[in-house]
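On a predicted model such as this, the values are computed, not experimentally measured, just so you know. Values reported hereafter were calculated over all heavy atoms of this structure, with side chains retained and with hydrogens, waters and symmetry mates removed. In each ligand, atom 1 is the first atom listed, and ligand 1 is the first ligand listed.
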Amino acid sequence: MKNIAVFASGSGSNAENLIHYFNDNQRGANVKLVICNKQNAGVVERAQRLGIDCVILNKEQIQDPDTLLPVLEFLNIDVIVLAGFLLLIPQFLVDSYENRIVNIHPALLPKFGGKGMYGRHVHEAVIESGEKETGITIHYVNGHYDSGNIIFQAKVSLLPDDTVEDVEAKVRELEQKYFAQVIFDTFCAK
Ligand code: GRF
């Protein structure tokens with residue numbers, strides 16, 4: 001059985017989906033822990049409602065190996081899934097969890113990635129550059145934003161008058177459809 005920790009900073013719709021997919025079914029993995037860097041984030045309330053341990057750590061605590069690693073070790077965490085987590089993953093964590101940290105990005109990397117490219121900013125940039133399609137990218141995490149090896153991408157067409165909300169809705173649909181399945185295929189199906 002693999003133990004998953006989800007790192008999130010926002011509303012937590014992806015975290016909730018992962019929790020339902022794994023914890024409601026026998027899939028060889030369970031979400032054991034949510035780590036969040038924002039006390040008021042929606043994901044905190046979701047984790048509580050779903051009965052998943054949730055630890056709030058600030059930026060300094062996330063960057064401190066003596067704080068973060070014992071939390072992960074205590075629950076025997078094998079895999080870390082970033083689902084809307086806005087802080088850069090420190091190098092000590094990348095090294096400790098080599099090829100066991102994945103992120104979902106709401107666009108087709110390598111386009112529209114990097115520092116500051118999150119949430120609405122991504123979708124605004126996609127619209128501004130007149131893209132005909134966007135999508136999701138699920139990738140391994142290295143010590144830089146949005147640049148680790150790509151595991152999976154899915155695309156969706158855009159219409160000329162799509163708003164940021166339209167693009168966001170299309171991307172969220174892909175996230176809900178594929179994210180948990182790709183985590184399963186990557187870490188559990190072997
Ligand atoms: C998602 O669009 C995800 O792809 C991105 O941040 C957003 C998080 O949404 N990295 P939520 O907090 O899971 O609802």
Side-chain angles (χ1 to χ4, degrees), residues 4-24 31-50 52 54-57 59 62 79-89 93-94 101-128 131 133-156 158 162-186:
I4 300 174
V6 176
F7 285 32
S9 310
S11 87
S13 65
N14 283 287
E16 175 155 3
N17 190 44
L18 289 164
I19 291 164
H20 286 308
Y21 178 93
F22 286 105
N23 298 27
D24 297 351
V31 177
K32 285 279 190 190
L33 173 68
V34 170
I35 288 190
C36 180
N37 62 314
K38 291 188 178 173
Q39 195 144 14
N40 300 323
V43 70
V44 176
E45 184 274 323
R46 286 195 209 241
Q48 278 162 359
R49 171 165 49 79
L50 296 165
I52 306 298
C54 181
V55 175
I56 316 271
L57 297 177
K59 188 174 176 182
I62 299 273
V79 172
I80 295 171
V81 178
L82 311 184
F85 187 65
L86 299 184
L87 298 179
L88 188 63
I89 294 302
L93 194 60
V94 175
I101 313 178
V102 298
N103 179 46
I104 185 161
H105 185 77
L108 297 170
L109 292 173
K111 288 181 173 178
F112 309 110
K115 194 167 166 47
M117 273 293 172
Y118 61 90
R120 290 178 65 91
H121 302 295
V122 177
H123 307 313
E124 280 163 8
V126 166
I127 290 172
E128 250 171 53
E131 296 291 309
E133 60 183 16
T134 189
I136 57 169
T137 303
I138 298 167
H139 64 93
Y140 289 108
V141 170
N142 58 21
H144 310 276
Y145 284 110
D146 302 325
S147 59
N149 289 341
I150 291 173
I151 300 168
F152 174 87
Q153 292 186 306
K155 295 176 180 174
V156 62
L158 296 177
D162 273 348
T163 63
V164 170
E165 288 69 30
D166 295 330
V167 178
E168 185 173 34
K170 288 180 177 184
V171 167
R172 280 193 181 279
E173 207 177 311
L174 294 179
E175 291 175 345
Q176 299 293 313
K177 185 169 175 191
Y178 292 112
F179 193 20
Q181 176 75 51
V182 171
I183 300 297
F184 175 83
D185 290 345
T186 306

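Across all non-hydrogen atoms, the minimal contact from A107 to F112 is CB-CB, 3.9 Å. Of all heavy-atom pairs spanning V6 and A15, the tightest one is CG1-CB, 3.8 Å. Nearest heavy-atom pair across E124 and V164 is CG-CG2, 3.6 Å. For the pair L82 and F179, the tightest heavy-atom approach, listed with the atom from each and the gap, is O-CZ, 3.9 Å.
Considering both main-chain and side-chain atoms, N103 never comes within under 3.5 Å of ligand 1 through any nitrogen or oxygen pair.
By the criterion of a heavy-atom distance under 4.0 Å, neither the backbone nor the side chain of E168 is placed next to ligand 1.
The neighbour count for N149 CG, taken as heavy atoms of other residues, nucleotides or ligands under 6.0 Å away, does not exceed 12.
Atom 3 (C) of ligand 1 has as its closest protein heavy atom E175 OE2, 3.1 Å. Closest protein heavy atom to atom 12 (O) of ligand 1: G12 N, 2.7 Å. For atom 8 (C) of ligand 1, the closest non-hydrogen atom on the protein side is G84 CA, 3.7 Å.
Residue contact check: S11 has heavy atoms under 4.0 Å from atoms 11 (P), 12 (O), 14 (O) of ligand 1. Close approach of ligand 1 to I104 (heavy-atom distance below 4.0 Å) involves ligand atoms 4 (O), 10 (N).
Between K38 and L86, some side-chain heavy-atom pair lies under the 4.5 Å cut-off.
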